[in-house]
Number of protein chains: 2
Amino acid sequence: MAKKINGTQRRTEALSRDQIVEAAIDLLDESGEAGLTFQTLSKRLATGPGAIYWHVANKSDLLTAACDAIVARTANAALAGSTPKAKVRELALGVFDAIDAHPWVGSALTRSPGQMAMVRILERIGQQVRALGVRDDAQWSVTSALLSYILGVGGQNAANAQLAHEQGLDRSNFLGEISAMWSKLDPDEYPFARGIAKQFPAHDDRTDFLTGIDLILGGIDLM
Amino acid sequence: MAKKINGTQRRTEALSRDQIVEAAIDLLDESGEAGLTFQTLSKRLATGPGAIYWHVANKSDLLTAACDAIVARTANAALAGSTPKAKVRELALGVFDAIDAHPWVGSALTRSPGQMAMVRILERIGQQVRALGVRDDAQWSVTSALLSYILGVGGQNAANAQLAHEQGLDRSNFLGEISAMWSKLDPDEYPFARGIAKQFPAHDDRTDFLTGIDLILGGIDLM
DNA sequence: ACCTGAACACCGTTCAAGT
DNA sequence: ACCTGAACACCGTTCAAGT
């Protein structure tokens, strides 16, 4: 009769894989990868760990499914752009923003090669690369370059967000710390890092990300 | 008197942080990230876990140090290229090959933002970006784009190598499995992935990697 | 078919005690 | 200053037993 009001109550409805994945996403969003545990998860779902294993093969399977659920939402969104290039920018920004909202996706994406999440992104980018008129035998390497770049930025942003979260820093303090560290480097060995330290805290991740996309898109024109 | 001949012997010389890092690298190379444990490490060093903690803050510190040791070797190598672009290619390939030889570096690099390993690469690429004549206010975003791309490819290759290792597959079997998976996708939803599946197993990671570098370098010319 | 929950093997980390 | 090794808290996973 009782549903799941207080902490020690058992659930009465049946579990489902989707429910488990949703709960996992909530946990990951709240407290990062460290927050997802079979203990925390079964507590939130008001069951035991064994029940979860009935629906899910293991933790890696669960993480992959959670990642795919997030990516599917943005990869399936309609594209408003009028040109293939505009659509590539749109797709890329979609992934960027998804990782910004769910930093754990950044690392989970990399860790599941060949999984659906990556194929979804690959497919949509590949279609635009085709539409750009890239030669058949270059479509793979061009698409792969775009994908690698997107995953690279995503992975770094995810790591930054996680580190800042662990250290209890907000973004500007985090950037400030790195900038301070770079300012102290040996001027003879690290002229570039030192020179850039001052402007570093003011940079915009999203703008820089798009600059990189545009560099690659520009390079395609020269092929 | 005895040194470290049989398994239960204790070491007689003092431990050092460098020794620990070297042993960690060996373990990581032999059996991936799962192979590095304070248990396996202290066994190999013929001590207890407490001794390691005297020289190393925690596992993350150890992984970062191991990663930096590898990256320092390639980042400090002299550059033979005659043009800034050739030097960028050389630097990028150096990182690519280092990750190929030590796949765990691919993920460790991402996980330690602002650490020395990344700064070393950033610095050397940044110097070449300067030499290319990129405007001051664009040097950061261009360098960052190159770095993100390199880390993105590295991270994926690392993940592929690890997955293949876990499943006991060699590279060609691994690629074959992905290709087979893509061939079975819905032709209406995944035309690109399906179309590319056949040529996928024959692709060359290193060549594709360089293609991406050249796309970005080409884009710089158009800025 | 689905869930329970105790048990297992293993992990990173700590720390009083030694030298 | 450096090392020992038992102990702690916690983790993913299993599985006999229940419904």
Side-chain angles (χ1 to χ4, degrees), chain A residues 1-4 6-21 23-24 27-28 30-67 104 107-108 111-112 162-163 166, chain B residues 1-4 6-21 23-24 27-28 30-67 104 107-108 111-112 162-163 166:
Chain A
M1 44 187 76
K3 292 226 167 179
K4 43 170 180 174
N6 60 55
T8 45
Q9 210 84 8
R10 283 286 111 161
R11 60 183 302 107
T12 51
E13 319 88 5
L15 262 181
S16 76
R17 187 178 158 99
D18 279 354
Q19 263 171 44
I20 293 172
V21 170
L27 244 15
L28 288 162
E30 286 165 29
S31 32
E33 263 178 90
L36 179 61
T37 287
F38 278 83
Q39 197 166 184
T40 59
L41 188 57
S42 46
K43 187 174 195 177
R44 179 153 306 191
L45 290 168
T47 43
I52 297 172
Y53 273 93
W54 179 261
H55 300 274
V56 145
N58 50 42
K59 189 170 181 178
S60 165
D61 177 32
L62 178 55
L63 207 61
T64 300
C67 177
W104 52 273
S107 40
R111 230 173 304 152
S112 55
Q162 199 196 341
L163 196 75
E166 279 172 11
Chain B
M1 43 188 78
K3 292 227 166 177
K4 43 171 180 173
N6 60 55
T8 45
Q9 210 84 8
R10 282 287 112 161
R11 58 182 304 108
T12 52
E13 318 88 6
L15 262 181
S16 76
R17 187 178 158 99
D18 278 355
Q19 262 172 45
I20 294 172
V21 170
L27 244 16
L28 287 162
E30 286 166 28
S31 33
E33 264 178 90
L36 178 61
T37 287
F38 279 83
Q39 197 166 183
T40 59
L41 188 58
S42 47
K43 187 174 193 176
R44 179 152 309 191
L45 290 168
T47 41
I52 297 172
Y53 273 93
W54 179 261
H55 298 275
V56 146
N58 50 42
K59 190 171 182 179
S60 167
D61 177 33
L62 178 56
L63 207 60
T64 300
C67 178
W104 51 274
S107 40
R111 230 173 303 151
S112 56
Q162 200 197 339
L163 196 75
E166 279 171 11

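Scope of the values below: all heavy atoms of this structure, side chains included, with no hydrogens, waters or symmetry mates. Fair warning: this is a prediction, and the values are worked out from it, not measured in the lab. Just so it is clear: chains get the letters A, B, ... in the order the sequence lines come, proteins before strands, and each one is counted from 1.
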Original post:
5'-most contact on DNA chain D: T37(A) or G50(A), nearest heavy atom basis?
Top reply: T37(A)

**OP:** Kindly determine whether Q39(A) and K43(A) satisfy side chain to side chain contact (heavy atoms under 4.5 Å, CB included), including the steps that lead there.
**Re:** CA-CA 6 Å; Q39(A) 197 166 184; K43(A) 187 174 195 177; 6.0 Å; no

Subject >> Selection: residues 59-66 of chain B, any non-hydrogen atom under 4.0 Å of DNA chain D >> reply: none

Subject >> Between C1' of dG18(D) and CH2 of W54(A), the distance in whole Å >> reply: 14 Å

**OP:** Could you state the atom-to-atom distance from CG of L45(A) to P of dT4(C) in whole Å?
**Re:** 10 Å

Original post:
When the distance from CZ of F38(B) to P of dT4(D) is rounded to whole Å, what number comes out?
Top reply: 15 Å

Original post:
For L41(A) and dG12(D), what is the distance between atoms CG and P respectively, to the nearest whole Å?
Top reply: 10 Å

**OP:** May I ask you to say what I52(A) touches in the nucleic acid, namely base, sugar-phosphate or nothing, with a heavy-atom cut-off under 4.0 Å?
**Re:** nothing

Subject >> Strand DNA chain C as a dot-bracket string - pairs counted if Watson-Crick or G-U with both distances under 3.5 Å, | where the partner lies in another strand >> reply: ||.|||||...|||||.||

Original post:
What residues, two or more places apart in sequence or in another chain, satisfy salt bridge (charged side-chain N to carboxylate O under 4.0 Å, His left out) together with D61(B)?
Top reply: R17(B)

**OP:** State, to 0.1 Å, how close L41(B) and A23(B) come at their nearest heavy-atom pair, and which atoms those are.
**Re:** CD1-CB, 3.8 Å

Original post:
Knowing that exactly one of V21(B), I20(B), L62(B) qualifies, which makes a side-chain contact (heavy atoms from CB on, under 4.5 Å) with H55(B)?
Top reply: I20(B)

